[in-house]
Amino acid sequence: MRLDKYLKVSRLIKRRTVANEACDAGRVLVNGKTARASVNVKVGDVIEIQFGTSSVRVEVLDVQETVHKDDAKELFRYL
């Protein structure tokens with residue numbers, strides 16, 4: 001699954017366009033490398049998102065096309 005879509009489905013970022021902009025600005029890392037929105041995400045990848053002065057690191061536990069809002073937090077775990 002594309003990185004921008006995963007960020008939206010997992011609710012780490014609310015909208016896909018915002019996820020795209022974050023990737024274009026270089027604020028999203030996958031496994032320690034700056035990632036474009038088109039990068040494929042798979043189980044076991046570590047995603048780091050930089051929000052201003054803070055950052056969030058998560059490990060991908062599952063990849064699904066659609067998921068209910070309540071189940072979205074089961075797609076990743078915080079590191």
Side-chain angles (χ1 to χ4, degrees):
M1 176 184 292
R2 286 174 54 104
L3 175 60
D4 57 347
K5 184 169 183 182
Y6 180 81
L7 293 173
K8 183 218 174 263
V9 170
S10 66
R11 310 275 195 310
L12 286 167
I13 295 181
K14 298 254 189 263
R15 284 176 288 162
R16 192 165 175 178
T17 54
V18 176
N20 259 316
E21 292 166 2
C23 292
D24 291 343
R27 295 194 315 260
V28 181
L29 307 173
V30 175
N31 298 325
K33 297 178 185 166
T34 304
R36 296 176 57 176
S38 60
V39 167
N40 278 331
V41 175
K42 58 191 179 307
V43 175
D45 283 349
V46 176
I47 300 173
E48 184 173 351
I49 309 166
Q50 297 163 346
F51 296 105
T53 58
S54 64
S55 66
V56 174
R57 283 187 65 194
V58 297
E59 179 183 359
V60 177
L61 298 179
D62 195 7
V63 176
Q64 295 182 12
E65 290 294 316
T66 58
V67 67
H68 288 287
K69 184 178 179 183
D70 299 333
D71 300 332
K73 59 184 167 282
E74 295 174 14
L75 296 177
F76 62 89
R77 76 177 165 101
Y78 290 103
L79 299 175

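All values below come from the heavy atoms of this structure, side chains included, with hydrogens, waters and symmetry mates left out. Note that the structure is a prediction, hence the values are computed from the model and not measured.
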Please check if the number of heavy atoms outside R11 that lie under 6.0 Å from its CZ is greater than 12.
yes
Which heavy atom of S10 sits nearest to which heavy atom of A72, and what is that distance?
O-CB, 3.8 Å
Quick one: which of V63, V60, L12 gives a side chain to side chain contact (heavy atoms under 4.5 Å, CB included) with F76?
L12
Transitively linked via ILVMFWY side-chain contacts under 4.5 Å: V18 with L29?
no
Ignoring hydrogens and geometry, is there a side-chain-to-backbone donor-acceptor pair from D71 to H68 under 3.5 Å?
no
Please step through side-chain contact (heavy atoms from CB on, under 4.5 Å) for the pair L7 and K5, ending with a clear verdict.
CA-CA 5 Å; L7 293 173; K5 184 169 183 182; over 6 Å; no
Under a 4.5 Å side-chain heavy-atom rule over Ile, Leu, Val, Met, Phe, Trp and Tyr, are V46 and I49 clustered together?
no
Considering all heavy atoms of both residues, which atom of E48 and which atom of S55 are nearest to each other, and what is their separation?
OE2-OG, 3.5 Å
Hey, could you give me the CZ/CG distance between R36 and D4, rounded to the nearest 0.5 Å?
11.5 Å
How long is the straight-line distance from CZ of R15 back to CD of E21, given to the nearest 0.5 Å?
8.0 Å
d(I13 CD1, Y6 OH) to nearest 0.5 Å is 12.0 Å
What is the minimum heavy-atom distance between R2 and N20, and which atoms define it?
NH2-OD1, 4.4 Å
Verify same cluster id: F51, L79 (apolar side-chain graph, 4.5 Å)
no
Going through the distances and angles, do Q64 and L75 end up as a side-chain contact (heavy atoms from CB on, under 4.5 Å)?
CA-CA 8 Å; Q64 295 182 12; L75 296 177; 4.2 Å; yes
Smallest separation among heavy atoms of K8 and K14, with atom names
CG-O, 3.8 Å
Hydrophobic clusters here meaning ILVMFWY residues chained together by side-chain heavy-atom distances under 4.5 Å, can you tell me if Y78 and V9 are in one?
yes
Can you name the one residue among V39, V56, V41 that meets side chain to side chain contact (heavy atoms under 4.5 Å, CB included) with I47?
V41
Could you report the tightest heavy-atom contact between L3 and V28, atom names first, then the distance?
CD2-CG1, 3.7 Å
